[in-house]
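Encoded as structure tokens, the structure appears first; notes follow it.
Everything quoted here is computed from the prediction, not taken from an experiment.
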Amino acid sequence: AKSLFLDKFQPANCESNWFQKQWGIVLAIECIEPIVGNHVKKSFAAQKKLFEDAGRNKEEHFLFHGTSLESVNGIAENNFDIDALPSSQVRGKAMYLGRGVYFSEMPVISLGYGSSLLVCKVLPGTTEYLADREAAGHPIDREIWDSRQVLGGLVWVIPQASQILPFCIIHCYFQPPGTPNTLNSA
């Protein structure tokens, strides 16, 4: 499984961890909670086998998804519902880049969509690579493509829940630069 950032996260280690993103944003990680006993594993394994039997890419990727605190536990237990509306009334579900669940290779992008951060194993299958303007308003042709990558991985669109396996929840918040780490203070 591939990820640009997963090597920084150790799900078994729930000690406070700090790192600074390239844009000067400091993200404080309180705890990384592994998702265990996930019954979704069977559908994920079945999807992987379908891709393999069809000669499609079966490589797994670790990607980030931002969601609300109200939604994170339901997703962890039951996986994603493609048609579910955001729990917040602040925004609707536009699916501007195609129908599916939206992920990013960059956690800071995903955190723009909710205060809870999920890391998921994802089976992109055969991926359509597009620029933002090319993807806007155009559905994914499911006869050809199993997923869509937009803007070089800033956004991934995964059209089926069976292609997604929630892996862990990162409990975190943004910390102003220069603020001392108080989580481990006595």
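- Considering only heavy atoms from C-beta on, V108 stays 4.5 Å or farther from S110 through its side chain.
- S43 places a side-chain N or O within donor-acceptor distance of the main-chain N or O of V40, the cut-off being under 3.5 Å.
- Clustering ILVMFWY residues whenever any of their side-chain heavy atoms sit less than 4.5 angstrom apart, transitively, puts L130 in a cluster other than the one holding L63.
- In this structure, the side-chain contact (heavy atoms from CB on, under 4.5 Å) partners of D53, at least two apart in sequence or on a different chain, are K49.
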| For F44 and I164, what are the C-alpha separation, side-chain angles and deciding distance, and is it a side-chain contact (heavy atoms from CB on, under 4.5 Å)? | CA-CA 6 Å; F44 186 78; I164 306 164; 5.7 Å; no
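- Between atom CD1 of residue I158 and atom OH of residue Y102 there is a gap of 11.0 Å, rounded to the nearest 0.5 Å.
- Connection of I82 to V72 is established within a shared hydrophobic cluster, with ILVMFWY side chains joined at heavy-atom distances below 4.5 Å, either directly or through further cluster members.
- Nearest heavy atoms, S115 versus L69: OG-N, 4.2 Å.
- Looking only at side-chain heavy atoms (C-beta outward), R99 and P139 stay at 4.5 Å or farther from each other.
- For F80 and H65, the ring centers are positioned less than 6.0 Å apart.
- A heavy-atom distance below 4.5 Å is not found between the side chains of Y113 and T67.
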Run F167 and I32 through side-chain contact (heavy atoms from CB on, under 4.5 Å) and show every step you take. CA-CA 10 Å; F167 180 74; I32 299 173; over 6 Å; no
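- For the atom pair CG of N57 and CD of E60, the computed distance is 10.5 Å after rounding to the nearest 0.5 Å.
- Of the possible polar contacts, one joining the Q163 side chain to the D146 backbone as a donor-acceptor pair under 3.5 Å is found.
- No side-chain heavy atom of K121 sits under 4.5 Å from any side-chain heavy atom of H61.
- Counting heavy atoms from C-beta outward, W156 and E105 have side chains that approach closer than 4.5 Å.
- Taking each heavy atom of P166 and C120 in turn, the nearest pair found is CA-SG, 3.7 Å.
- The distance from atom CZ of R56 to atom NZ of K58, rounded to the nearest 0.5 Å, is 15.0 Å.
- A 4.5 Å side-chain heavy-atom check between L117 and I169 finds every atom pair outside the cut-off.
- For CZ of R142, the number of neighbouring non-hydrogen atoms (other residues, nucleotides, ligands) closer than 6.0 Å is greater than 12.
- In this structure, NZ in K48 is found 13.0 Å from NZ in K41, a value given to the nearest 0.5 Å.
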Determine, stepwise, if the pair V157 / I140 fulfils side-chain contact (heavy atoms from CB on, under 4.5 Å).
CA-CA 9 Å; V157 182; I140 298 171; 3.8 Å; yes
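- Separating the CG atom in L123 from the CD atom in E52 is a distance of 11.0 Å, to the nearest 0.5 Å.
- The backbone N or O of G74 lies less than 3.5 Å from no partner atom in the side chain of E77, so there is not a single donor-acceptor pair.
- For the pair A135 and L97, the tightest heavy-atom approach, listed with the atom from each and the gap, is CB-CD2, 3.9 Å.
- Residues P34 and C168 approach most closely at CA-CB, 3.9 Å, considering heavy atoms.
- Among pairs with a residue in residues 147-168, those fulfilling salt bridge (Lys or Arg N to Asp or Glu O under 4.0 Å) read E128-R148, at least two apart in sequence or across chains.
- At a threshold of 4.5 Å between side-chain heavy atoms, the hydrophobic network of Ile, Leu, Val, Met, Phe, Trp and Tyr places F103 and Y129 in two separate groups.
- Taking CG of L165 as the start and NZ of K42 as the end, the distance is 13.5 Å to the nearest 0.5 Å.
- For the residue pair T127 / S147, a side-chain donor-acceptor distance below 3.5 Å is found, with atom types taken as modelled.
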Practice prompt. Would you please test V155 and S104 for side-chain contact (heavy atoms from CB on, under 4.5 Å) and show each step?
Written response: CA-CA 5 Å; V155 178; S104 182; 5.8 Å; no
